[in-house]
Structure formats: C-alpha cells, structure tokens
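First comes the structure, then the notes that go with it.
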Amino acid sequence: MGRRFVSATVLWPRTLAMPPLEEVEARLQGREVIAVGRRGKYLLMHLDDGQTLVAHLRMTGRLSIVAADSPLLEDKHTRAWFGLAGGDALVFNDSRKFGRIWLAERLEDVVGKLGPEPLAWDLTPEDSARIRRRKVAVKALLLDQTVVAGVGNIYADESLFRAGIHPLRKASTLTDAEAGRLYDALREVLNEAIQKRGTLLRDYRTPYGEDGYFQNDLRVYGKVGMPCPRCGEPIERIRVTQRSTHFCPKCQKELIED
DNA sequence: ATATCTGCCTGCTCGC
DNA sequence: TGCGAGCAGGCAGATA
C-alpha cells in the first residue's frame with residue numbers, strides 16, 4: 001500500500017487478461033495502491049482512482065516486490081512486472097503460465113460471478129434452497145466458484161472427509177444435517193489452513209517465500225493407500241468431474257445403509 | 001439453466 | 001542414465 005506504479009512490462013502476453021498492454025501502461029501510470037484485499041482466489045490491489053489491479057496465481061503464480069536490479073526480473077518464469085516509484089518492482093512469476101492479471105475499471109467485471117465468501121457467509125434460505133436443488137456431485141459443487149468462492153481441490157476433499165460425506169453424493173440428496181456438517185467442516189478446514197499459513201505442495205509459498213504447514217494436517221488429500229486417521233481403512237482416489245478426489249470409503253459412504 | 005468435457009502449461013515422478 | 005508418458009489443477013469456453 002502507498003506505492004505508485006510507473007511502468008508495466010508483460011513478457012508472456014496471455015498473462016494479461018485485460019485490457020491491452022498499451023492501455024494498462026496509460027491507465028496505471030502514476031496510480032497509487034490505497035488498499036489490498038482478496039475475493040475468492042483473486043488478489044486485489046485497489047488504486048486511488050477506483051481501478052483495481054487484480055491477480056490470480058492459479059497453480060504456480062507468485063507476486064513479490066523486489067529491487068529494480070533484482071535477478072528475478074530476468075528469471076525465465078517471470079511473466080510480467082510493474083515498475084514502482086522509488087525504484088522497486090512488483091513481479092509476477094509463474095512457471096505454468098496459468099496465472100492472470102487484470103486492470104479493471106469495474107471490479108465486478110472480473111469477480112462479479114463469484115459466490116459468497118465461505119468465512120463470511122450469511123447463508124440465506126434462498127441460497128440454500130437453490131444450491132441444494134443441484135444434481136451435481138457435492139465435490140463438484142464445492143469447486144464451483146459461483147456457488148462458494150475460494151475452495152480448491154485440497155480443501156474440498158478435506159471438508160468432505162471431516163463432514164463424513166462421500167464426494168459423489170448428489171447435492172440434492174444431502175440431508176439438512178449433512179449440509180450443516182459440510183458447511184461447518186468447510187469453515188473449520190479453511191480457518192485451520194489459514195492459521196497454518198496454507199498447504200505446501202509442490203509450488204505453494206507464503207507471500208514471504210516461506211512454507212505453509214497445513215500439509216501436515218491433511219487427512220485424505222494425497223493419502224492414497226494410507227490408513228484413514230479415523231478408522232484405519234485405506235484411503236481411495238477416484239475422479240470426480242475430471243478432478244482427482246480422495247476419500248475414506250468407510251467414513252464416507254455413498255449409499256447410507258439402513 | 002445445468003452438467004460435463006477440453007485446452008491451456010511446465011515441472012516433476014515413474015517405469016522401462 | 002536417458003527418455004517418454006502421465007499427472008497435477010483453476011478456469012474459460014465449448015458442447016450436450
């Protein structure tokens with residue numbers, strides 16, 4: 001916060017989702033960051049004229065502020081960087097090239113379709129009814145950013161395990177009790193993960209380059225064949241709408257026996 | 001409206 | 001040791 005942009009450089013054109021680079025250069029020139037925030041998985045830098053510089057890291061993206069002569073500017077995975085008044089640079093580094101940056105006049109154009117924030121979710125009866133009519137697998141529902149914002153594959157699997165719900169259950173078949181347990185489990189998992197500063201898997205680092213620690217608390221994600229921490233049954237992996245999905249076949253029954 | 005699939009990408013792991 | 005295949009996954013866009 002408090003820094004001003006003086007230039008914009010894009011090395012991998014697709015990184016810049018909108019608008020064209022010439023326009024970014026003109027509209028960003030001299031603008032000051034007055035606040036930073038987040039919506040779902042989108043990072044927000046609010047500027048002093050109402051615009052928002054938005055970044056999505058996807059899988060491997062990293063944002064950092066470095067000195068203007070930092071070797072990171074020459075790194076082969078650096079996709080874009082923004083010169084800051086005073087000589088530093090805000091660098092977007094992303095080996096997989098999935099990450100995206102927007103300069104939005106209206107933030108809603110970028111994040112308008114996102115569902116509610118799970119940790120600040122005042123679930124209305126209308127929301128609840130609409131969601132619970134859906135016939136998709138509940139795992140797919142958790143990953144749908146228009147239903148609830150910010151949940152990715154790891155925390156979806158962990159939430160379903162803690163709630164004792166099979167990932168293939170159709171959302172429309174969940175009982176009130178199950179829906180309530182899932183809602184609680186999701187918030188619990190996210191709060192714990194935030195407290196542990198995230199999950200170190202392959203690429204993730206905190207904004208300060210440190211590792212997160214939630215990987216030590218994962219109960220099913222990536223644990224294929226290992227004993228369930230609750231019942232000892234081997235954890236299984238299946239695919240649900242093209243996503244690798246981990247669960248305990250004993251604690252998370254697809255069909256409830258009577 | 002809803003549900004599902006494909007393409008985008010590179011680095012890493014695995015098996016031969 | 002070298003090499004290719006397979007895998008990881010968030011989202012846009014296409015298709016059913």
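Computation of the quantities below employed the complete heavy-atom set of this structure, encompassing side-chain atoms and omitting hydrogens, waters and symmetry-equivalent molecules.
Rounded to whole Å, the distance from CZ on A/Arg239 to C1' on C/dC7 is 8 Å. Between A/Arg62 atom CZ and B/dC9 atom P the separation is 20 Å, expressed in whole Å. For the pair A/Arg100 CZ and C/dA12 C1', the computed distance is 9 Å after rounding to whole Å. Rounded to whole Å, atom P of C/dA8 lies 13 Å from atom CD1 of A/Ile238. For the pair A/Lys41 NZ and C/dC11 C1', the interatomic distance rounds to 9 Å; values are reported in whole Å. What separates CZ of A/Arg58 from C1' of C/dC11 is a distance of 4 Å, to the nearest Å. Regarding A/Asp94, its CG atom lies at a distance of 14 Å from the P atom of C/dG10, rounded to whole Å. Counting to the nearest Å, the P atom of C/dC7 and the CG atom of A/Asn153 are 15 Å from each other.
In this structure, A/Phe92 has no ring-ring contact (aromatic ring centres under 6.0 Å, His included) partners at least two apart in sequence or on a different chain. In this structure, A/Arg239 has no side chain to side chain donor-acceptor pair (under 3.5 Å) partners at least two apart in sequence or on a different chain. Residues meeting the side chain to side chain donor-acceptor pair (under 3.5 Å) test with A/Arg31, sequence neighbours left out: A/Asp48. With sequence neighbours excluded, no residue forms a side chain to side chain donor-acceptor pair (under 3.5 Å) with A/Arg237. With sequence neighbours left out, A/Thr173 forms a side chain to side chain donor-acceptor pair (under 3.5 Å) with A/Arg169.
Contacts classified as ring-ring contact (aromatic ring centres under 6.0 Å, His included) and involving residues 5-31 of chain A (residues at least two apart or in different chains) are given here: A/Phe5-A/Phe82. Contacts classified as ring-ring contact (aromatic ring centres under 6.0 Å, His included) and involving residues 228-247 of chain A (residues at least two apart or in different chains) are given here: A/His166-A/Phe247, A/Tyr221-A/His246.
Checked for salt-bridge contact, A/Asp109 and A/Arg106 meet the test: a charged N lies under 4.0 Å from a carboxylate O.
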Please tabulate the protein-to-nucleotide N/O contacts below 3.5 Å involving nucleotides 10-13 of chain B, giving atom names and distances.
| residue | atom | partner | partner atom | Å |
| --- | --- | --- | --- | --- |
| B/dT10 | OP1 | A/Lys97 | NZ | 2.6 |
| B/dT10 | O2 | A/Arg96 | NE | 3.2 |
| B/dG11 | OP1 | A/His77 | NE2 | 2.4 |

Collect all protein-nucleotide pairs involving nucleotides 2-6 of chain B in which both atoms are nitrogen or oxygen and the distance is under 3.5 Å.
| residue | atom | partner | partner atom | Å |
| --- | --- | --- | --- | --- |
| B/dA3 | OP1 | A/Lys135 | N | 2.5 |
| B/dA3 | OP1 | A/Val136 | N | 3.3 |
| B/dA3 | OP2 | A/Arg134 | NE | 2.2 |
| B/dA3 | OP2 | A/Arg134 | NH2 | 2.9 |
| B/dC5 | OP2 | A/Gln242 | OE1 | 3.4 |

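Contact check, A/Gln145 against C/dG10: no side-chain N or O comes under 4.0 Å of OP1 or OP2. Listed pair A/Arg14 / B/dC9 meets the phosphate criterion, a side-chain N or O lying under 4.0 Å from OP1 or OP2.
For A/Phe98 and C/dC11, the ring-to-base geometry does not satisfy the stacking test (centroid distance below 5.5 Å, interplanar angle below 30°).
Five base pairs at each end of the helix from B/dT2-C/dA16 to B/dC16-C/dG2 define two local axes, and these are offset by 50° (rounded to 10°).
Around the CZ atom of A/Arg181, the shell of radius 6.0 Å holds more than 12 heavy atoms that belong to other residues, nucleotides or ligands.
Other cluster members for A/Ile235: A/Phe161, A/Val220, joined by side-chain heavy-atom distances under 4.5 Å among Ile, Leu, Val, Met, Phe, Trp and Tyr. Residues A/Leu11, A/Val66, A/Leu72, A/Trp81, A/Val91 make up the rest of the hydrophobic cluster containing A/Leu73, defined by ILVMFWY side-chain heavy atoms closer than 4.5 Å, directly or through other members.
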